[in-house]
Each structure stands twice: as structure tokens, then as C-alpha cells.
Amino acid sequence: MRAMLSGVTSTVPSRTPDKPSSGRPRLLLIDGHSMAYRAFYALPDTLATSSGQITNAVYGFTSMLTNLLRDEQPTHLAVAFDAGRVTFRTERFPEYKGTRLATPDAFKGQVPLIKEVLDTLNVASIEMAGIEADDILATLALQAKAAGMEVLVCSGDRDTLQLVNGDVTVLYPKKGVSELARMDPAAVEAKYGVPPERYPDLAALVGETSDNLPGVPGVGPKTAAKWITAHGGLAALLDAADEIKGKAGESLRAHLDQVRVNRELNALLTDVELPLGVADLALEGFDREAVHLVSDTLQFGQLRDRLLAVDPSGAAVEETPVAAGIELDLADVAPGALGTWLAARSERVGVEVAGKTVAGGGDAWAVAVAEPGGEAAYLDLTQLGADDEKALAAWLADPVAPKILHGAKAAAHMLAARNMDLAGVTFDTELAAYLCYPDQRGYDLGDLAMRHLGRELKVAEPDGAQGALDLSLEGEAEGQAEAVRAHGVAELATALEGELADRGATHLLDDVELPLSGVLARMERIGIAADTEYLTGLERQFAEGVADAAAEAYAVIGREVNLGSPKQLQEVLFDQLGMPKTKKIKTGYTTDAASLQDLFVKTEHPFLAHLLAHRDVSRLRTTVEGLLRSVAPDGRIHTTFQQTIAATGRLSSTDPNLQNIPIRTEAGRQIRRAFQVGAGYESLLTADYSQIEMRIMAHLSGDVGLIAAFNSGEDLHRYVGSRVFEVAPADVTPEMRSKIKAMSYGLAYGLSAFGLSQQLNIATGEAQTLMDDYFERFGGVRDYLSGVVEEARATGYTATILGRRRYLPDLTSDNRQRRQMAERMALNAPIQGSAADIIKLAMLKVQHELDTRGLSSRLLLQVHDELVIEVAPGERAAAEDVLRSQMGAAFVLNVPLDVSVGTGSTWHEAGH
DNA sequence: AAACTTACGTA
DNA sequence: CGTACGTAAGTTTT
């Protein structure tokens with residue numbers, strides 16, 4: 001889910017590209033045994049078919065292969081297997097791999113299954129007697145490089161690192177088979193201190209335990225790397241062995257022969273006579289029927305679909321016939337002529353930026369520009385001349401040169417890495433789709449093209465290339481995929497423009513979301529400063545708290561259980577301790593905090609107190625750990641604000657979520673102290689809307705009592721309480737006030753009398769009376785709420801003060817549960833959504849005012865009703881004025897918009 | 001490995 | 001039987 005929603009913009013319709021795709025053919029080579037073995041040990045052997053066949057290795061291997069096909073988009077693929085235990089290496093050195101345990105039968109039985117799967121994919125499995133899989137890979141890698149291909153080698157054997165060079169990258173499993181480290185020359189050098197071609201020299205000295213090749217005692221990778229670098233290689237080092245000083249030198253001299261054997265054995269063969277050449281490894285598409293058959297017997301469910309989805313023949317066509325892909329003529333813009341070419345673009349030009357995004361930044365490596373019916377160009381940023389680069393930057397940054405993008409915020413981040421600004425974005429298809437369909441889970445460009453244009457965004461097959469083995473014909477021309485996306489964006493914009501207008505949402509895109517995406521991009525890039533030392537201290541403190549609470553809990557029950565496991569807790573609470581049962585859930589009885597609290601009141605059992613304490617503090621620890629992981633090299637945390645997720649119109653925050661940092665408890669507030677003013681700035685300033693949702697309720701309902709409450713100057717809940725309970729405001733007790741507060745906020749969520757009684761721990765009848773009395777006094781609210789649902793049922797949607805719609809088809813569902821859910825959504829969406837509208841307008845006004853006044857203070861965060869600003873030296877008063885005035889005037893309601901402001905050097909201090 | 005479930009932090 | 005989110009950890013499924 002995350003992958004689809006993240007700001008990653010693909011060069012191809014895959015999820016997370018790590019590399020630029022180019023027109024070059026790309027060969028993926030997999031060490032079948034090594035990867036299957038990893039899968040075998042990474043996955044539980046409870047993965048089995050109903051007939052008892054264990055499938056963990058096949059399943060894990062196939063899953064990994066699926067991900068590679070999706071993410072790497074290879075044009076060619078081969079999987080190599082070891083054949084037999086006897087190889088030239090065992091003959092040379094009988095102890096080679098001598099410590100390896102016999103292969104478990106449960107694994108052996110799965111190798112044929114893996115080959116069967118590969119057969120259905122029309123992927124070559126290669127094995128040769130007496131030859132190890134890695135030798136086959138090495139031979140193919142060399143041939144492929146000579147043929148001008150890009151090569152990816154996926155193997156868990158470090159010896160393959162010697163193959164790495166500018167054209168060959170090793171994907172080495174980090175954890176299980178799902179996380180692969182991309183080992184290019186720089187990565188190898190960074191990890192081992194030697195370039196890839198010297199890696200076997202290093203390994204010969206250090207030894208390889210898994211191959212039972214002993215190294216030189218007392219020599220680790222550091223020493224080995226130092227020696228190899230100093231002497232320019234192993235051969236020269238061995239020649240000079242007599243001159244090496246110290247214990248390590250002695251040790252080396254004593255093991256020269258072993259080192260020579262090691263070096264001989266770890267050299268991969270590159271001249272194996274293979275039955276297939278690289279040209280025979282082209283991916284041609286799956287035998288889909290066979291895939292179904294094998295998936296049936298292996299009982300692949302989701303995996304079957306994932307697999308079919310990466311079928312290189314793009315056989316989705318079979319199921320939903322669509323127009324064939326398009327082929328664009330890419331303009332061959334002469335060097336130096338780009339400025340002129342760009343100036344000739346129309347206002348309907350689509351732009352696709354290829355690159356990747358990371359928190360608050362990223363990188364761009366190409367830009368494609370295309371207009372339907374017009375020209376298209378693909379610009380490789382790494383190849384662009386200085387003049388053209390300048391022309392492109394000027395065009396991208398030109399506010400009056402119109403551009404259409406899909407996800408302009410992410411594109412802006414990528415371009416920023418190349419010192420390019422993005423302005424003049426007149427349409428964003430991602431934002432437009434969100435405004436039209438806010439309940440959709442994702443807005444992938446390819447999916448939208450399929451739905452709104454009725455075609456796939458794919459490049460047409462080159463004519464007559466079928467069956468050709470000539471490598472120059474393989475793969476599409478460079479930049480076609482990007483150009484097709486740019487072209488698709490422009491066409492999609494035309495379609496969505498109409499839909500947007502139909503929904504009366506054009507102004508929301510033009511005046512709110514589109515300009516806001518620029519503001520958010522700036523906020524994300526800036527980030528907020530974090531005190532890592534302080535966080536580290538907190539982490540320790542919380543970790544101790546966790547350990548203490550756990551120890552006390554264990555002492556009470558006389559055994560150790562995993563306190564984080566609801567399943568084990570149920571056993572302790574309801575079986576061992578025989579406590580009364582809590583609310584039923586799918587997997588038994590809930591152990592959530594509210595229920596544990598109830599149980600504690602009933603039983604006063606000390607285990608519950610320790611458990612609750614453990615929950616609290618381990619949650620805090622987890623939060624701190626997450627924050628620590630998110631601190632970027634600049635010492636700041638760069639969250640990503642998601643602008644197309646929340647169906648009501650709110651923003652959300654991810655990686656990390658800075659909109660749910662604790663504040664309610666003292667221990668939680670400590671975490672807020674870690675967010676501090678950055679170097680060169682004076683303070684943090686927070687400003688929040690007080691009771692914005694109740695004010696919107698007053699505005700939308702027009703209830704005279706509620707409006708009077710906000711104009712009275714009296715505390716809202718006290719005022720409302722005095723009316724409901726018919727006492728003087730001064731006589732509203734804290735208990736009365738908290739009931740009213742819960743009631744008021746509950747209204748905006750569609751709270752029932754039962755729910756209210758639960759929350760307040762009162763009888764349902766009492767809750768019902770409270771609600772009746774409330775509505776008696778504030779009849780406008782009651783009428784408004786019933787009117788909202790009624791109208792939404794009639795029109796099919798709710799709307800906010802800015803006309804942001806949420807469609808709720810379930811309002812007319814026959815299913816009572818769904819219908820009631822939709823009704824609560826209908827009650828809440830206009831209120832939550834209008835608040836979101838208001839703070840979005842406020843953000844635009846605040847940013848505009850800061851810019852206009854030439855202030856250096858800057859927006860950092862938005863937390864639904866709160867903004868956080870970093871104040872530049874000397875701008876404290878001005879910044880506060882900007883916040884108060886712009887937030888207060890964001891939208892005129894029939895009650896005032898109150899803003900309260902706080903300041904300090906940390907987020908905690910600035911809070912109020 | 002991936003999907004699902006539970007729990008819990010914020011507004 | 002209260003809306004909107006995101007994340008982590010444990011559990012189950014494949």
C-alpha cells in the first residue's frame with residue numbers, strides 16, 4: 001500500500017525503481033540454489049500445501065523473482081543451479097565446502113518444483129555437471145557485458161562480488177530474500193575497502209567460513225584491505241610477504257599456501273561452455289495456462305496474481321482488450337536548441353520526471369516532455385549540455401510556461417536535486433483525481449490512464465522484432481516509456497479537467513491543492529531539527545522502563561510471556577488468572593487499554609497495572625526509535641505530507657508521521673522536547689485554531705445558541721453546559737463540563753447514546769437524556785445533522801465550505817452496518833473537511849505573507865489545526881502577526897476563528 | 001514473504 | 001454501537 005501511495009515517480013510503471021531504466025537490454029542472473037536456500041531458512045516450514053508438500057522455498061523464491069521482475073524490469077533472465085557436490089574445486093581442495101551439512105530433504109524436494117515454476121515462465125534453468133551456479137553466472141555476465149547489456153546478478157555468494165563493474169551489479173540478500181543490497185562498484189568499495197576486482201584477493205586472505213576455506217589467522221577484512229591497497233593486489237603482496245611486519249605478517253607467511261589455494265578456488269570461471277547464449281535468454285512471456293496449473297498444485301493464491309501481473313508479454317491484454325501501446329517519435333533536439341524547442345510547446349504539455357524521491361528530497365535523471373498531437377522529447381539530465389540544461393531549468397522554473405504533471409510535489413523534490421525549480425504547473429493529474437475520487441486508495445498514473453483513457457500506458461512493440469535475437473532490437477528505445485507517460489499525463493489532464501468541472505472542484509485544484517503542493521514541498525525539504533542525543537537518552541530511559549515493567553509483570557504471574565502478544569495475554573488474563581471476559585473480538589477477547597483499565601477497577605490485580613505501564617512505555621520507546629531512524633544527515637526530520645490520502649481533505653504525514661507525536665501524558669510530552677529550533681533560527685512558533693470543528697458546526701448549523709456561545713467570551717463547554725444543565729455558567733462542575741465536551745465532539749463523529757454512555761461510563765439512559773437535553777437547547781445542531789445525512793442521501797455526496805465533495809454511495813445500502821457507517825461519515829466529512837479547507841487556505845496565506853514581507857521565517861509542520869513555524873532572528877513579532885492575521889482571516893465564518901500562539905525553543909515549549 | 005489483526009498515538 | 005489517519009508488532013496464511 002505504501003509503495004503505491006508514496007511519492008515515488010517511476011520511470012516505468014513499476015513501484016520503486018532504484019535505477020534509471022534505459023533502452024539497453026538488461027540481463028538478470030539468479031543463483032537459484034543460493035536464493036532458494038535463503039528462502040527455505042527465512043520462511044517457516046508450516047508453509048505447505050494441504051497434501052503436505054512443504055513449499056517455503058518455492059514460495060519464497062518465486063516471490064523474490066516476482067519482485068525482481070517488477071522492480072528491475074529485466075529484458076533477459078536466467079537461473080543457474082549447482083549440479084552435484086563434485087566440482088573442480090573439491091578435486092583441487094577436498095575440504096572445500098566440507099563443513100556443509102547435508103541438504104535437508106525438505107529443501108531438495110523443492111528444487112524440481114522451482115524449475116517447474118521457471119518452466120512455466122519460459123525462463124531458462126541452467127545447470128552443468130561439475131560446475132557451480134556462480135561459474136555459470138560469471139560466464140554469462142561476461143558474455144552479456146560484451147554484448148552491451150546491463151547485468152544484475154542475484155546471489156547470496158559473496159564470490160560474485162568480483163563480477164561487479166560499471167555494467168554489472170550484484171543484488172546481495174541482506175535479510176531473508178526480500179531485502180537486497182545493490183552492490184555496485186562504489187558499494188563494494190565502501191563495504192570492503194577494495195574495488196570489486198580485488199575482492200577475491202581480500203577473501204583469499206580473510207577466508208570464507210561457508211566454503212570451509214580458512215583465512216590467515218589474525219587477519220580480518222580491514223588488515224587485508226590495507227595490505228591489498230598498499231601492494232596493489234594479492235600477487236604483489238605475496239611476493240612481498242617477507243617484508244610484512246608484526247604478528248599478522250608472521251601469520252601470513254605461515255599460511256601462504258592456503259591463501260594461494262583460496263585465491264584459486266574463489267576465482268569464478270568465465271569460460272564455461274554453456275548450452276545457451278545470452279541472446280537465448282530473452283524474456284518472451286509466460287505460459288499463462290501452465291502458471292495457473294502450477295499455482296493450483298502449489299496452492300499459490302495472491303502470489304499467482306502477483307506473478308501474472310509481471311508477465312513480460314503484458315498479457316493483461318487477454319483479459320481486458322485495450323488499444324495497443326503507442327510509439328512516440330522523439331524529437332532529436334540539436335545541442336543548444338532545447339530552449340527554442342521548449343519555447344514552442346503549447347499549454348497542453350505533459351512533463352514526466354524520472355528519478356526517485358527520498359524524505360524531503362530525491363534525485364532526477366531524466367525529464368520527458370510530450371504534447372498530444374505534437375512533439376515529444378526525452379532529456380537525459382546526465383547527458384545534457386550546459387546550455388540546454390540552463391534552458392531546461394529556466395523553462396521548468398518559468399511560472400508562465402504551463403506544464404502538466406502527475407504528482408508535482410515529488411517531481412519538484414527530484415528536480416531540486418539537480419538545482420532545478422518547478423513552477424508554472426497548471427494541472428496535476430494526481431491531485432485532480434484525488435479531488436474527483438477522494439475515497440480511492442491510490443492514483444497510479446497507469447491505473448488512471450486505463451480507467452479514464454481506456455488504454456494502457458505502454459510502449460508499442462517494435463514491428464518485426466518478434467523472434468529476433470539481435471540484441472540491438474531488444475528493449476524499447478531509450479526514453480519511450482517516460483515520453484509515453486508524459487504524453488499520457490497531458491491526455492489524462494484533459495479528461496480529468498472535465499470531471500473536475502462537473503464536480504465544481506476546479507477552483508479547489510487551482511486555488512488550493514495545486515499551490516499548496518508547492519508549500520508542502522518547501523516544508524518537507526526544510527524538515528524540523530531533532531536533538532538526537534536527547535532522543536538517544538530518552539530511548540534508554542524508556543527501554544529501562546520497559547524492562548522494569550516487564551520484570552514486575554513477570555514476577556506477579558510467575559512466568560515470562562510476550563507482553564506484546566494479545567494472544568499470550570489472553571491466556572494469562574482469562575485462563576491463568578481467570579479474569580472476567582472483555583469485549584469479544586475476532587481472535588477472542590480484547591486486551592486493549594480501556595478494557596484492561598476496566599479489569600483493573602474490577603480486580604485490582606497488580607499484573608494489570610504493570611501491563612498497562614509496559615504498554616505505555618514500550619509505545620513511547622517505539623516512537624522514539626522511529627524518530628531516531630528518521631533523522632536525516634542534516635540533523636532534521638523530513639516528513640512527507642500526503643495530499644491525496646484522507647477522504648475528508650485532510651493531509652496526512654508519513655515517514656515518519658509527525659501528526660501523532662504524543663502530547664497527552666507527561667512522558668509523551670518529553671518526546672516533543674526533541675523537536676527544536678534549528679541552527680540560525682530564533683525559536684519555534686506554534687499556532688492553533690481553538691475548537692475549530694465546533695466553530696464549523698456553529699457556522700454550518702447556524703444554531704443561534706452555539707453562535708452565541710462563541711461570541712460570549714465564556715468557555716465553550718461551560719457555556720453549553722450551563723444551558724443543557726440549566727445552571728449558571730459558574731455552577732457548571734468539572735464533571736458536567738467534561739460530559740458536555742465529550743458530547744459536543746461526539747456529535748461531529750455521529751456518536752450514539754450507547755457510545756456516549758461507554759465513553760463516560762454512565763448508563764445508556766443517562767446518556768440518552770443528556771443528548772435529548774442537548775438537542776433541546778441546540779435544536780439548530782440537531783436539524784443540521786439530520787439535514788446533512790438527508791441531503792447526502794439525495795445527492796450522493798457531502799460537501800465542505802469550499803465545495804470539496806465526498807461521495808457516499810453506501811448511504812442507500814441495504815446492509816444496515818454499511819449504511820450506518822456511511823451516515824457517520826456523512827456527519828463528519830463536512831466538519832472535518834471544512835476544517836481541512838480552512839487550514840489549507842491559512843497555509844497558503846501564511847506562506848504568501850511571509851514571502852511578501854520578505855521574512856525568512858518558515859513553515860515546518862501542519863497538524864490538522866496547528867501550524868509550526870521556525871522563526872528567523874528578529875522576526876518573532878512579525879511571524880506571530882503573520883500567523884494570527886492570516887490564520888484568523890483564512891475564511892469568514894459566522895463565528896470568529898480564534899488562534900492561540902505559543903513560542904519556545906522546542907515544540908514542547910512552544911505548545912500550549 | 002506477505003497479508004491480516006490488534007493496539008494506540010494524534011486531530 | 002465515534003470520524004480521519006500511520007506505524008509497529010504479533011499472528012496467520014500461503
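Because only heavy atoms are used, hydrogens play no part in the values below, and waters and symmetry mates are left out as well, while side chains stay in. Note that this is a predicted model, so its numbers are computed, not measured. All chains are named by letter (A, B, ...) in the order of the sequence lines, taking the proteins before the strands, and each is independently numbered beginning at 1.
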Side chains of Thr639(A) and Asn657(A), donor plus acceptor under 3.5 Å: no
Touch class at under 4.0 angstrom, heavy-atom based, for Gln759(A) against every strand present: base
Sugar-phosphate, base or nothing in reach of Leu827(A), heavy atoms under 4.0 Å: nothing
Flag for Thr591(A)-Arg615(A): side-chain donor and acceptor within less than 3.5 Å: yes
Length of the CG-C1' vector between Leu867(A) and dT10(B), whole Å: 16 Å
Given dT5(B), dA2(B), dG6(C), the nucleotide with the shortest approach to the side chain of Ser63(A): dA2(B)
Distance in angstrom units between Met821(A) CE and dC1(C) C1', rounded: 12 Å
Side-chain N,O (Arg619(A)) to OP1/OP2 (dA8(C)) below 4.0 Å: no
Salt bridge (Lys or Arg N to Asp or Glu O under 4.0 Å) against Glu539(A), all qualifying residues, sequence neighbours excluded: none
Exam field: side chain Lys409(A) to backbone Gln643(A), donor-acceptor pair closer than 3.5 Å: no
Thr590(A) side-chain proximity, nearest of dA4(C), dA7(B), dA11(B): dA7(B)
Sugar-phosphate only, base, or nothing, as touched by Leu747(A) at under 4.0 Å among non-hydrogen atoms: nothing
Sugar-phosphate only, base, or nothing, as touched by Gly60(A) at under 4.0 Å among non-hydrogen atoms: nothing
Value in whole Å for how far the P atom of dG9(B) lies from CG of Leu627(A): 15 Å
Sugar-phosphate, base or nothing in reach of Met743(A), heavy atoms under 4.0 Å: nothing
Between dA2(B) (C1') and Asn56(A) (CG): distance, integer Å: 14 Å
Atom pair distance, as rounded to whole Å: OH in Tyr749(A) and P in dT3(C): 10 Å
Sugar-phosphate, base or nothing in reach of Ala39(A), heavy atoms under 4.0 Å: nothing
Secondary structure of DNA chain C in dot-bracket form (Watson-Crick or G-U wobble, distances below 3.5 Å, | marking inter-strand pairs): ..|||||||||||.
Set of ring-ring contact (aromatic ring centres under 6.0 Å, His included) partners for Phe607(A), sequence neighbours left out: none
Sugar-phosphate only, base, or nothing, as touched by Thr623(A) at under 4.0 Å among non-hydrogen atoms: nothing
Separation of Gln597(A) CD from Leu608(A) CG (nearest 0.5 Å): 9.0 Å
Which nucleotide in dA11(B), dA7(B), dC1(C) has an atom nearest any side-chain atom of Arg615(A): dA7(B)
Per-nucleotide protein contact string for nucleotides 9-14 of chain C (B base, S sugar-phosphate only, - none; heavy atom under 4.0 Å): -SSS-B
Sugar-phosphate, base or nothing in reach of Ile661(A), heavy atoms under 4.0 Å: sugar-phosphate
Cation over ring face, Arg306(A) and Tyr59(A), 6.0 Å, 45°: no
Selection from dT3(C), dT7(C), dG2(C) that lies nearest to any side-chain heavy atom of Met825(A): dT3(C)
Sugar-phosphate only, base, or nothing, as touched by Ala748(A) at under 4.0 Å among non-hydrogen atoms: nothing
d(CG, Leu563(A); P, dT6(B)) in whole Å: 19 Å
Rounded distance (Å) that lies between atom P of dC4(B) and atom CD1 of Ile585(A): 17 Å
Arg650(A) (side chain) and dC5(C) (base): donor-acceptor pair under 3.5 Å: no
Sugar-phosphate, base or nothing in reach of Arg824(A), heavy atoms under 4.0 Å: sugar-phosphate
All side chain to side chain donor-acceptor pair (under 3.5 Å) counterparts of Tyr774(A), not counting sequence neighbours: Ser744(A)
Any Ser652(A) side-chain nitrogen or oxygen under 4.0 Å from OP1 or OP2 of dA4(C): no
Touch class at under 4.0 angstrom, heavy-atom based, for Arg806(A) against every strand present: sugar-phosphate
Check: Ser834(A) side chain, Ile801(A) main-chain N or O, donor-acceptor pair, under 3.5 Å: yes
Side-chain (Tyr37(A)) to main-chain (Phe107(A)) donor-acceptor, under 3.5 angstrom: no
Whole angstrom value for the distance that separates P of dT10(B) from CG of Asp616(A): 11 Å
Residue-phosphate contact under 4.0 Å: Thr654(A) side-chain N/O, dC5(C) OP1/OP2: no
Base dG6(C) to side chain Asn657(A), donor-acceptor N/O within 3.5 Å cut-off: no
Charged tip of Lys584(A) within 45° of Tyr589(A) ring normal and under 6.0 Å: yes
Contacts of Phe754(A) that satisfy ring-ring contact (aromatic ring centres under 6.0 Å, His included) - sequence neighbours left out: none
